[in-house]
**Q** 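Before anything else, here's the structure in question.
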2 protein chains.
Amino acid sequence: MKSLSIKDIAVKANVSITTVSFIINGKAKEKSISEAVIEKVKKIIEESGYKPNQIARSLRTGNSNIIGLIIEDISNSFFSRIARLIEDKAYKKGYKIIYSSTENSVDKAKELINMFKSRKVDAYIISPIKGIEEDIQMLIDDGNPVILFDRNLPGIDTSYVGADHFNASYQSVESFIKQGKKNIALVTTDIDVQQITERYEGYKKALEDNGIPYNDDLVVKIHFNQEEAETMDEVEKLFKTKDIDAVLFATNYLAISGLKVLKQINKKISDEFSVIAYDDHEAFELHTPSVSVVQQPLEEIAENVIKLILKQLSSKTKLENQKIIIPARLIIRE
Amino acid sequence: MKSLSIKDIAVKANVSITTVSFIINGKAKEKSISEAVIEKVKKIIEESGYKPNQIARSLRTGNSNIIGLIIEDISNSFFSRIARLIEDKAYKKGYKIIYSSTENSVDKAKELINMFKSRKVDAYIISPIKGIEEDIQMLIDDGNPVILFDRNLPGIDTSYVGADHFNASYQSVESFIKQGKKNIALVTTDIDVQQITERYEGYKKALEDNGIPYNDDLVVKIHFNQEEAETMDEVEKLFKTKDIDAVLFATNYLAISGLKVLKQINKKISDEFSVIAYDDHEAFELHTPSVSVVQQPLEEIAENVIKLILKQLSSKTKLENQKIIIPARLIIRE
DNA sequence: CTGAAAGCGCTTACAG
DNA sequence: CTGAAAGCGCTTACAG
């Protein structure tokens, strides 16, 4: 069954397709179409259930009312929750979101950008990885609104929204030190992205500022994408061979692996052994005892991303770039 | 900066756009274009970075290589993990996925279907809710491939893939009974969808088959979308006023709220008080003590959904419908 | 107050 | 072996 076209409506209403188009697009008044015609056409559209073909509209107008969202992995709860918030907020303004996961692959990220480009999305929201700077720069040069979030790409001159990873990490370590901890470990990943680097820098600086020597042996960099069993082995080794009294996990999935290890080796979180996880997760509050966390300001990140995108979308000229850094919240749970 | 069109390539190569189009679409051989021309055109495409406009292609061919995925809520880990698996598998076959969340709203679900329709997606994967039967039937009548998953819509004659909710629930209750439990509660939701009803029926039937009278007081139906605090109040009331020795949670988020209550009122899971959660979640294995769960076969669900969709997509004729029910796995954790 | 016509960038049946 | 032309379903500048 073929669907109706604007022509079918025009024939039924005995007017031109121009008239129908004006009515559909709310330009009837402006084009001074008579009330009678407006009524008649609207009624026919209503009754027939006609929906304009958005593909044709996009081809003609060059925009799509679609925003492309590129993230690392939709099954990661940080991203899926952000995606949901962005989706909601965009939807209310008449924009749809197409998302896709890069899985931390430069090739896939480039492909996704190309796919979005060839579908003429109106704007790009990207949680970028290293290696796609050029592709992003091309989008910007072509005049597309582009916003980076979660991770900044220092060389790229565009707007960015993200949490203050450095300070969050700094404060976490400082809170350990205030509790009297001396041997503070960091479990992080080896992905070379800014937010991970910042968490590392925050850790280092906090030690330094408090006169505790940095010890490379207490920092474990887990290879991205490796089997969880392997990760757990590495963390277990850290817990067993080093004399540590506190550990900061740089991502929530690492913290979960870490907690599994603690359970396995029957080591408890206690006054003698503190844990902070970067990025909250339902498992942490529920854990016995509860795990302290750094909460990322999801709502504010999504809010700011959408606000910037919509502002750029409704402006004829390129707006000034904004780098918005939002404080994260350290939640100490007893 | 305007992007290149097929015409630009044709001009550069000094051939017609027809020839360029044939080459792009791999029909060069079939149309017996000379090797020399193929080489020349390919080189120019390569060098210029030309990407065909998919919008124009869609308008012309009527298909988009896009599959629409409609789920309840992308921030729910069951859906985000399924989405990721489906995305991966579709991507390998050259299909992209557009997803959107219905948030259990009939209106939003209808709007999403309309949006997908007007974007001419090639196929629909839908985790449906009651009230959109007509809209789905229209899609099917129009000849679109449609697959339902997770929840079936009994009246609709199309393929379906989902877990065996009835048996999973039945077995959970039976395992309680084997442990000698008599007062088995069910915490479920009031959403009127098939998979929730089946979990309820499985619970009831297992009691009946084992000679335990069904007691309505032990079944709590939580209102969907209400504040978690309210949910926790209701669960707390159940735990405090009824003398129960086992509880089955019909969804993982309800189980998480339930565990929070247990923590608050300082009640422990033990030999005297067993818990099973429907749908695994990282928090459950980590919990002290670990929580038994029903694991949904995510990988198999995604695999079967994609297989059915691709088969339908590559077939000229409408294939016979298949209802694929996959057993869930009950994992008893000590 | 309304319409004929061009054009967005493709694909493809047809012609040579 | 290759190309001119129609057409997918819209929008919009222009004309009357």
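Below, chains carry the letters A, B, ... as their sequence lines are ordered, and counting in each starts from 1. In what follows, every heavy atom counts, from backbone to side chain, and hydrogens, waters and symmetry copies are set aside. What you see is a predicted model; the values in this text were computed from it and never measured.
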**Q** Between A/Tyr160 and A/Phe149, is the ring centroid distance below 6.0 Å?
**A**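 No, the ring centres sit 6.0 Å or more apart.
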**Q** Atom CG of A/Asn63 and atom P of D/dT11: how far apart are they, to the nearest Å?
**A** 11 Å
**Q** Rounded to the nearest angstrom, tell me the gap between atom CD1 in A/Ile55 and atom C1' in D/dG7.
**A**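 It works out to 16 Å between those atoms.
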**Q** Tell me the interatomic distance from A/Asn14, atom CG, to C/dG3, atom C1', rounded to whole angstroms.
**A**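 In whole Å, C/dG3 C1' lies 13 Å from A/Asn14 CG.
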**Q** With a cut-off of less than 4.0 Å, is there a side-chain N or O of B/Lys27 near OP1 or OP2 of C/dT12?
**A** yes
**Q** State which of D/dC10, C/dT12, D/dT12 makes the closest approach to the side chain of A/Thr18.
**A**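 Nucleotide nearest to A/Thr18's side chain: D/dT12.
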**Q** Go through D/dT2, D/dC10, C/dC10 for me and flag the one nearest to the B/Ser5 side chain.
**A** C/dC10
**Q** Among C/dT11, D/dT12, C/dT12, which is the nearest nucleotide to the side chain of B/Asn25?
**A**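 So the nucleotide nearest the side chain must be C/dT11.
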**Q** What is the separation between atom CD1 on B/Ile17 and atom C1' on D/dA5, rounded to the nearest whole Å?
**A** 9 Å
**Q** Describe the nucleic acid contact of B/Thr61 in one word from base, sugar-phosphate, nothing, applying a heavy-atom distance below 4.0 Å.
**A** sugar-phosphate
**Q** Check whether B/Asn25 reaches the backbone of B/Ser21 with its side chain - one donor and one acceptor, N or O, closer than 3.5 Å.
**A** yes
**Q** Name the nucleic acid region contacted by B/Ser21, choosing base, sugar-phosphate or nothing; use a 4.0 angstrom heavy-atom cut-off, strictly under.
**A** base
**Q** Which base sits across from D/dA15 as a Watson-Crick or G-U pair, both distances under 3.5 Å?
**A**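 Base-paired to C/dT2.
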**Q** Among D/dT11, C/dC10, C/dG9, which nucleotide has an atom closest to any side-chain atom of B/Pro52?
**A**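 Of the options given, the side chain of B/Pro52 lies nearest C/dC10.
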**Q** Using heavy-atom distances to pick each residue's nearest nucleotide on DNA chain D, tell me which of B/Ile33 and B/Ala56 is more 5'.
**A**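 Of the two residues, B/Ile33 wins.
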**Q** Would you say A/Tyr50 places a side-chain N or O within less than 4.0 Å of OP1 or OP2 belonging to D/dC10?
**A**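 Result: yes.
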**Q** Let me know the distance between CD of A/Gln54 and C1' of D/dC8, rounded to the nearest Å.
**A** 15 Å
**Q** Could you label the plane-to-plane angle of the A/Tyr99 and B/Tyr99 rings as parallel, tilted or perpendicular, counting under 30° as parallel and over 60° as perpendicular?
**A** perpendicular
**Q** For A/Asp122, run the side-chain contact (heavy atoms from CB on, under 4.5 Å) check against A/Asn63, A/Asn144, A/Ile66 and tell me which one passes.
**A** A/Asn63
**Q** Answer with base, sugar-phosphate or nothing: what part of the nucleic acid does A/Arg60 contact at a heavy-atom distance below 4.0 Å?
**A**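 The residue A/Arg60 makes base contact.
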**Q** Can you tell me the distance, in whole Å, between the CZ atom of A/Arg57 and the P atom of D/dC8?
**A**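 Going from A/Arg57 (CZ) to D/dC8 (P), I get 19 Å.
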**Q** Give the rounded distance in Å between these two atoms: NZ of A/Lys7 and C1' of D/dA6.
**A**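 Rounded to the whole Å, the gap is 13 Å.
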**Q** Identify which one of B/Lys110, B/Lys117, B/Lys108 satisfies the salt bridge (Lys or Arg N to Asp or Glu O under 4.0 Å) criterion when paired with B/Asp135.
**A**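 Exactly one option meets the salt bridge (Lys or Arg N to Asp or Glu O under 4.0 Å) with B/Asp135, and it is B/Lys110.
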**Q** Whole angstrom is fine here: how far is it from CG in A/Leu59 over to P in D/dC8?
**A**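 Computing the A/Leu59:CG to D/dC8:P distance gives 13 Å.
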**Q** Give a yes/no answer on whether the side chain of B/Ser16 brings an N or O atom under 4.0 Å of OP1 or OP2 in D/dG3.
**A** yes
